[in-house]
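Notes to accompany the following structure.
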Amino acid sequence: MHSLLHRHRGWLWPTLFLAPGVILFWVVIVASSAESLRISFFQWDGLGDMSWVGVDNYIALFHDPQFYTSLKNNIIWLVLFMAAPPLGLAIALLVNQQLRGLRLVKTLFFMPLVMSQVAVGVVFTWFYDPANGLLALVFRAMNATAPALLSDPQWVTVAVVIAGLWPQVSFCMILFMAGLNNLDDSQIEAARVDGARGFRMLYHVVLPQLRQVNFIAIAITVIGALRSFDMVSVMTGGGPFGSSSVLAYQMYEESIQSYRFGYGAAIAAVLFVIMALFIAWYLYRMLRIERGTA
Amino acid sequence: MYPRQIGAGEPVKKALYLTAVTVVLLLWLLPLLAVLMTSIRPGSDIMMGNYWGWPSSFELVENYLGVFTQTPMGHYFFNSLVITIPSVLGVLCLSTLTGYVLSRYRFRGNILLFAVFVGGNFLPFQIMMIPVRNLTLALGIYNTYLALIVFHVAFQTGFATLFMRNFIAALPDELFEAARAEGASPLQTLIHVVVPLVRPALAALAILLFTFIWNDYFWAVVLSPSDSVKPVTAGLANLMGQYAASWDLVSAATIVISLPPVALFFFMQRHFVRGLTMGAVKG
Amino acid sequence: MNDFELDRIVKRYGQRTTLDKISLATTEKEFIVVVGPSGCGKSTLLKIIAGLEPADAGRVLIDGRDVTRLEPGDRDIAMVFQSYALYPHMTVAENMGFGLRMAGRPKAEIREAVENAASILQISDYLDMRPKQLSGGQRQRVAIGRAITRSPSVFLFDEPLSNLDAALRTRMRIEIGMLYRRLDATMIYVTHDQVEAMTMATRIVLMNQGGIEQIGVPSELYVNPVNRFVAGFLGSPRMNFMTARVADVDDESFGVSLEGLEGVRVARRPEARLVTGDEITLGLRPEDIRTDGGGEHRLAGQVSLVEEPGRESIAYIDAGAVRASESEDGLGHLTVQADRRTPMRRDDSVTLGFDSDALYVFDAAGNTMTPRRPLDTPSAPNKAES
Amino acid sequence: MAEVCHSITRRRLVQALGSGLLLSGLGVPALAASKELTIISDLDTPQYLVFRELAETFGQQSGISVTVNNLAHEANKTAIGNYLVADPPDICFWFSGQRMRQFVKLGLFSDISTLVERENYASVLGPLLDAVTVDGRQYGLPLGGLFWGLYYRADIFAQHGLTPPETFDDFYRTCNSAKAAGLIPVSMGTREQWPAAGWFDHLDLRINGLDRHMALMRGEMAYTDTALDAVFEQWAQMIHDDLFLHNGTSYGWQQAASFLGQGKAAMMDLGNFITTALSPEAVEQLRLIRFPMYDSAIGPFEDFATNSVHIPKRAQHPELAREFLAYFYQPEVLSRFVGALSGVPPRSDMSVGDDPLARTATQLLRNTQGTSQYFDRDTPPQMAEAGLKGFQQFTVYPDREAAIRQQLERVRQRAYAS
């Protein structure tokens with residue numbers, strides 16, 4: 001297997017196997033992304049002719065206050081989303097029992113994940129509604145006035161992120177449930193014999209075994225945070241006045257609503273760079289772990 | 001197992017535990033319960049501002065039937081199935097092939113190819129919008145099921161390849177060496193060894209892919225302007241635009257479009273968790 | 001014609017040479033056991049023979065045919081893996097018939113071959129079961145059965161017994177031995193277990209650090225190790241080694257200078273180039289040390305530990321100034337294997353005795369300096385069994 | 001054993017084949033669809049239901065199958081750029097004015113001047129024809145107009161003794177009385193941003209008049225121009241006086257309208273589509289008046305937005321599409337369509353019908369001295385986007401006026417340059 005091409009026919013089958021996936025992925029995903037980067041050097045309304053403007057789009061971008069708002073919001077997403085793995089772990093620990101009926105309970109905990117983000121957005125908009133929402137009802141019960149979360153530029157992003165966390169926590173929970181199912185029982189038993197229990201057991205024995213799961217959960221959470229779009233789109237449309245916008249949404253808005261495809265593509269490029277840093281870290285970690293276990 | 005399992009001989013503990021779980025679950029699902037409640041309320045309650053009080057009447061059947069009779073939701077539902085099922089099958093086929101080669105053959109560029117799959121999958125897919133639209137146009141498949149299927153298959157192949165590669169890499173080397181020693185060609189190995197062994201992974205992956213593709217909203221809007229192709233998510237958004245005041249219908253529709261993935265999860269949960277653990281197969 | 005031949009096989013991983021010009025040939029369907037410490041390259045060698053790893057240089061010939069560039073399936077080999085490598089999703093019969101099915105053989109032929117192999121291994125009752133339902137020994141039989149079904153000219157075994165418990169291991173060892181006599185095929189058997197090597201092999205290939213140290217029938221390797229490595233590797237308990245110097249050399253023998261042991265002279269190979277003052281290592285097998293007061297040379301000692309595994313007693317003796325290097329107990333005590341009827345207790349004072357003939361002498365490079373011995377000496381290999 | 005395995009393989013093969021066939025068949029709908037007249041609409045439900053019926057009637061009469069794909073209004077804004085280029089229907093719905101001109105400039109709409117001439121639409125459309133005309137040629141037909149004005153509920157006003165305002169002084173009085181009665185004086189939900197622009201348009205039209213407003217819309221006037229000071233000042237004063245629904249940015253326009261429907265708010269500045277967000281009982285009580293007059297010397301000028309129907313340049317069946325338009329634009333047919341949303345009839349020879357709101361709107365329109373479309377229809381997309389955002393921000397932070405106007409001015413300089 002070492003050097004495939006030295007064999008007479010060893011390379012033929014693998015090449016045939018790889019071809020459809022690789023070709024499709026390159027043509028649709030990789031080439032499209034590259035094409036988008038190219039578009040960022042043009043002024044283009046998406047319909048007519050494209051005209052070369054060099055880095056003008058980028059210069060405009062760095063003078064655009066909305067860009068910094070979006071960037072800041074992306075960072076808020078990123079930071080707050082980091083609550084998803086521990087919360088997911090907590091719920092996974094809670095339901096990791098083998099009792100009758102818990103299968104249904106687990107499925108119900110998964111619900112937010114399997115619901116479409118559009119639906120989750122609808123659900124939370126409904127929940128936050130300052131006059132009639134459930135949140136308002138709770139506040140009224142305590143004789144207080146509910147904050148209008150979705151119209152408060154200070155809190156709107158946090159409110160949207162909390163909605164976004166709902167399915168994300170579910171996702172992490174599933175990963176951790178899988179991880180907990182795969183624990184090395186003998187280690188747990190050895191630790192029990194050594195007198196470890198509760199939190200100390202979790203910290204010293206369980207968590208180290210969940211490192212791989214942890215890594216995947218964090219990776220998926222970071223991607224989710226940087227790719228956030230549906231929630232923003234459904235819940236606030238980036239509002240009020242752009243204060244809950246994120247890069248992905250601003251890009252969409254500039255392209256589709258303002259017909260500034262070149263500018264939108266420039267935002268895409270920035271998002272790409274941020275993502276690339278993360279992807280590089282991810283790949284580095286992944287390959288290192290792989291080499292470690294190989 | 002961690003945490004310590006509650007034994008059969010601890011009825012008090014068990015009761016306490018079940019109460020705690022129920023409370024957490026209710027809190028967790030509170031927003032969803034709100035929508036569920038709205039979905040069985042008559043439209044007049046909403047117009048009158050009776051959002052949380054006792055419904056003036058229960059319109060469960062009317063509202064849910066209404067989703068199918070008063071709106072084209074039934075048709076969107078069919079569209080979603082026609083888009084999602086072939087896409088899932090397509091991704092499973094392609095990613096089994098790519099995952100198999102990338103995990104089992106060492107060659108120059110292997111890691112690079114894999115990195116591209118993984119990296120490409122992490123990209124914010126919104127940036128591909130315009131080129132993908134143009135591509136489907138050039139292929140003459142814009143505004144058909146095929147446009148969405150092609151995109152979903154291409155995009156999800158990245159994630160699925162990561163998943164399948166890791167799973168297949170965790171299988172014992174000897175199984176593959178044995179197959180080679182027995183004279184199985186790569187194709188025979190794929191059919192007779194890889195496919196049967198990765199079934200749990202395929203089941204888990206199928207569920208994940210089903211939810212991803214079923215719930216896609218962005219591409220549905222970009223690539224399927226017409227009702228004849230539009231899937232449920234875009235349909236729901238459409239419904240919100242058209243029936244904005246009819247929260248009863250919108251809520252019922254929200255529940256309806258969530259049912260297939262939820263049902264799938266419920267019935268396949270065991271496979272899902274097992275597949276996700278990516279545990280090695282022990283002969 | 002050689003029915004199996006390795007011709008200067010070389011394998012490198014990066015800078016490291018894992019196999020260095022390995023050559024081997026058999027003519028009459030031999031049972032070759034490749035043995036050596038872990039990391040010596042024996043498993044890599046097996047994979048190269050199987051075709052699972054390409055060699056960087058050299059050729060593999062089976063029945064005179066150069067198979068170096070052929071796929072494993074085309075080499076007329078079958079392989080039995082340490083982990084059995086049974087397909088969990090197939091029944092026993094499907095596992096055993098897999099190779100023939102891949103080759104597109106007719107169903108009837110496959111069934112016949114499977115049933116035949118199953119009857120040889122007495123697993124006919126399990127044919128419809130899945131590997132998960134079988135015990136370790138049964139799985140091992142299925143794995144062997146899968147190899148038999150293909151009726152190859154060369155069987156490859158990769159440490160097939162290491163996952164079995166001791167009793168089962170002995171039994172399977174005997175069965176594989178019987179199988180060999182029945183099948184009339186070349187067998188290449190890789191193991192790190194010297195007992196398997198000594199009992200099963202028609203010839204042993206002893207490997208170390210990517211090279212072959214010695215090839216020969218088991219008793220030859222035991223009685224006439226070419227160097228200190230071979231001498232130390234085979235035999236349990238291990239040979240005692242003592243560091244000494246050459247006191248004087250004459251035509252046929254040389255004198256040994258070792259503190260605590262006077263006047264020892266041993267025979268010397270004619271080609272041995274030793275001069276006075278050279279550092280040498282004396283080798284003495286534990287079973288060649290007597291405790292009954294006999295022997296040409298005597299040593300006073302004190303028992304520090306006695307093990308009684310059954311048939312014999314093994315004692316570790318503190319012999320004062322005479323210390324064993326790399327001793328079994330790590331304390332420099334001499335290992336002695338005695339009849340269990342000779343009672344020994346901890347802290348007993350004993351007198352050890354041995355003959356000059358029993359001594360091996362190795363030079364600083366480890367090569368054997370003492371002359372070759374006839375194979376029917378008392379140092380028979382079966383004594384090495386534990 | 002072995003047989004079982006073989007049959008499994010065969011079954012899997014058949015499955016794979018089946019799904020392959022299925023896949024290859026999936027491209028078919030587009031081909032099938034191309035043999036019929038396809039229409040993409042962006043209508044609210046009541047109007048859509050009427051339109052579908054009209055289209056079916058046309059189909060039966062002419063023996064052609066007609067497909068109507070209805071998109072949500074906002075979704076259509078997103079999709080139209082794609083489908084006009086990619087896979088145009090035979091007929092689509094869009095906006096008149098600047099937004100239409102943009103697509104005409106890109107060559108995406110068909111010239112239908114010959115149809116206009118043949119059917120002599122000019123005589124019945126009057127000045128409305130300008131909204132669909134570029135360089136003397138027509139590229140669409142205007143549909144029912146959206147007349148923007150103040151809506152209130154007669155029963156609520158009666159219950160609290162409020163009077164419909166005519167002037168700004170009246171308006172303030174009414175608002176204060178409403179506040180005293182525990183009502184929200186003015187409901188406005190700006191989650192979709194554009195409702196705020198209605199207030200800007202109206203204030204600017206009232207304070208600066210149509211010509212200067214249109215100069216601003218055409219990009220010929222700066223947002224930092226002192227002429228706009230009074231507009232923002234007045235608006236800020238109203239916000240300061242707490243006349244608007246709190247947390248307006250949380251609500252979509254429908255939710256904001258429902259405050260009116262529930263009798264919690266007194267007035268709302270909106271177009272006639274407000275009826276779709278209210279119960280029939282509330283609609284019955286709904287009344288329309290024009291936006292209060294600020295300066296008796298100026299106006300009245302109003303926002304009157306017309307939607308229109310177009311034939312894409314690359315339509316598959318352009319002749320059939322013209323046939324359909326000719327049918328659809330007959331006075332009787334068109335009035336059923338327009339009547340479904342209490343719209344103002346575009347044709348002068350159409351009966352207004354007996355819808356009181358439509359009658360009021362038509363009456364008010366007759367009394368205007370001139371109309372603009374609406375901020376986001378009069379300005380190019382970039383400007384519209386920035387304007388809507390800026391106005392929304394202003395409703396929350398009126399003290400950021402200077403910064404907002406500067407930002408709008410920056411966008412103006414960019415947006416009109418291209």
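Below, read A as the first sequence line, B as the second, and so on, with proteins coming before strands; counting in each chain starts at 1.
- If you measure heavy-atom distances from B:Val153 to chain A, the contacts under 4.5 Å come from both the backbone and the side chain.
- For B:Phe125, the parts lying under 4.5 angstrom from a heavy atom of chain A are both the backbone and the side chain.
- Between B:Met129 atom CE and A:Phe261 atom CZ the span is 5.0 Å, to the nearest 0.5 Å.
- Only the side chain of A:Ile91 comes within less than 4.5 Å of a heavy atom of chain B; its backbone N, CA, C and O stay farther away.
- The closest side-chain heavy-atom distance from A:Phe25 to B:Val116 is below 4.5 Å.
- For chain B, no part of A:Leu37 is nearby; none of its heavy atoms comes within less than 4.5 Å.
- Heavy-atom distances place both the backbone and the side chain of A:Ser170 under 4.5 Å from chain B.
- Only the side chain of B:Ile257 comes within contact range of chain A, with heavy atoms under 4.5 Å apart.
- With a threshold of 4.5 angstrom between heavy atoms, A:Ile220 does not approach chain B through any atom at all.
- Between A:Ile174 and B:Phe265, the closest side-chain pair of non-hydrogen atoms falls below 4.5 Å.
- The part of B:Tyr17 that comes within reach of chain A is its side chain, from C-beta onward, which places non-hydrogen atoms under 4.5 angstrom from that chain.
- In this structure, OG in A:Ser32 is found 7.5 Å from CZ in B:Phe151, a value given to the nearest 0.5 Å.
- Of the two parts of A:Arg192, only the side chain, counted from C-beta on, holds a non-hydrogen atom closer than 4.5 Å to a non-hydrogen atom of chain B.
- In this structure, the portions of A:Val22 lying under 4.5 Å from any heavy atom of chain B include both its backbone and its side chain.
- A distance of 9.0 Å separates CD in B:Gln156 from CD1 in A:Ile29, rounded to the nearest 0.5 Å.
- Contacts between A:Leu283 and chain B at a heavy-atom distance below 4.5 Å involve the side chain alone, from C-beta outward.
- Here the straight-line distance linking atom CG of B:Asp216 with atom CG of A:Asp230 works out to 8.0 Å at 0.5 Å rounding.
- The candidate from A:Val30, A:Ile188, A:Leu108 with the greatest count of non-hydrogen atom pairs under 4.5 Å with chain B is A:Leu108.
- Using a 4.5 Å cut-off on side-chain heavy atoms (C-beta onward), A:Val28 and B:Leu135 make contact.
- Atom CG of B:Leu94 sits about 12.5 Å away from atom CZ of A:Phe17, to the nearest 0.5 Å.
- Between chain B and the options A:Ser36, A:Ala268, A:Ala276, the largest number of non-hydrogen pairs under 4.5 Å is found for A:Ser36.
- Taking both residues in full, the closest heavy atoms of A:Asn96 and B:Gln5 are given as O-NE2, 3.0 Å, listed atom of the first, atom of the second, then distance.
- Side-chain contact check for A:Trp26 versus B:Leu113: some heavy-atom pair is nearer than 4.5 Å.
- In this structure, chain B has heavy atoms under 4.5 Å from both the backbone and the side chain of A:Met115.
- Heavy atoms closer than 4.5 Å to chain B are found nowhere in A:Tyr284, neither backbone nor side chain.
- Residues A:Leu18 and B:Leu102 have side chains in contact (heavy-atom distance under 4.5 Å, counting atoms from C-beta outward).
- Only the side chain of B:Arg133 has a heavy atom closer than 4.5 Å to any heavy atom of chain A.
- Contact of B:Val91 with chain A is not made at all, since no heavy-atom distance falls under 4.5 Å.
- Ring orientation note: the planes of A:Phe229 and B:Phe218 are nearly perpendicular, at an angle over 60° on the 30°/60° scale.
- Put simply, CG on B:Leu162 and OH on A:Tyr282 are 4.5 Å apart, with the number rounded to the nearest 0.5 Å.
- Interface remark: B:Leu190 contributes side-chain atoms only to the contact with chain A (heavy atom separation under 4.5 Å).
- Between A:Leu94 and B:Val21 there is a side-chain heavy-atom pair separated by less than 4.5 Å.
- Within the 4.5 Å cutoff, no side-chain heavy atoms of B:Leu29 are placed close to those of A:Phe109.
- By the 4.5 Å heavy-atom criterion applied to side chains, B:Val262 and A:Met111 are counted as neighbours.
- Without hydrogens or angle criteria, A:Trp166 side chain to B:Trp28 main chain gives a donor-acceptor distance under 3.5 Å.
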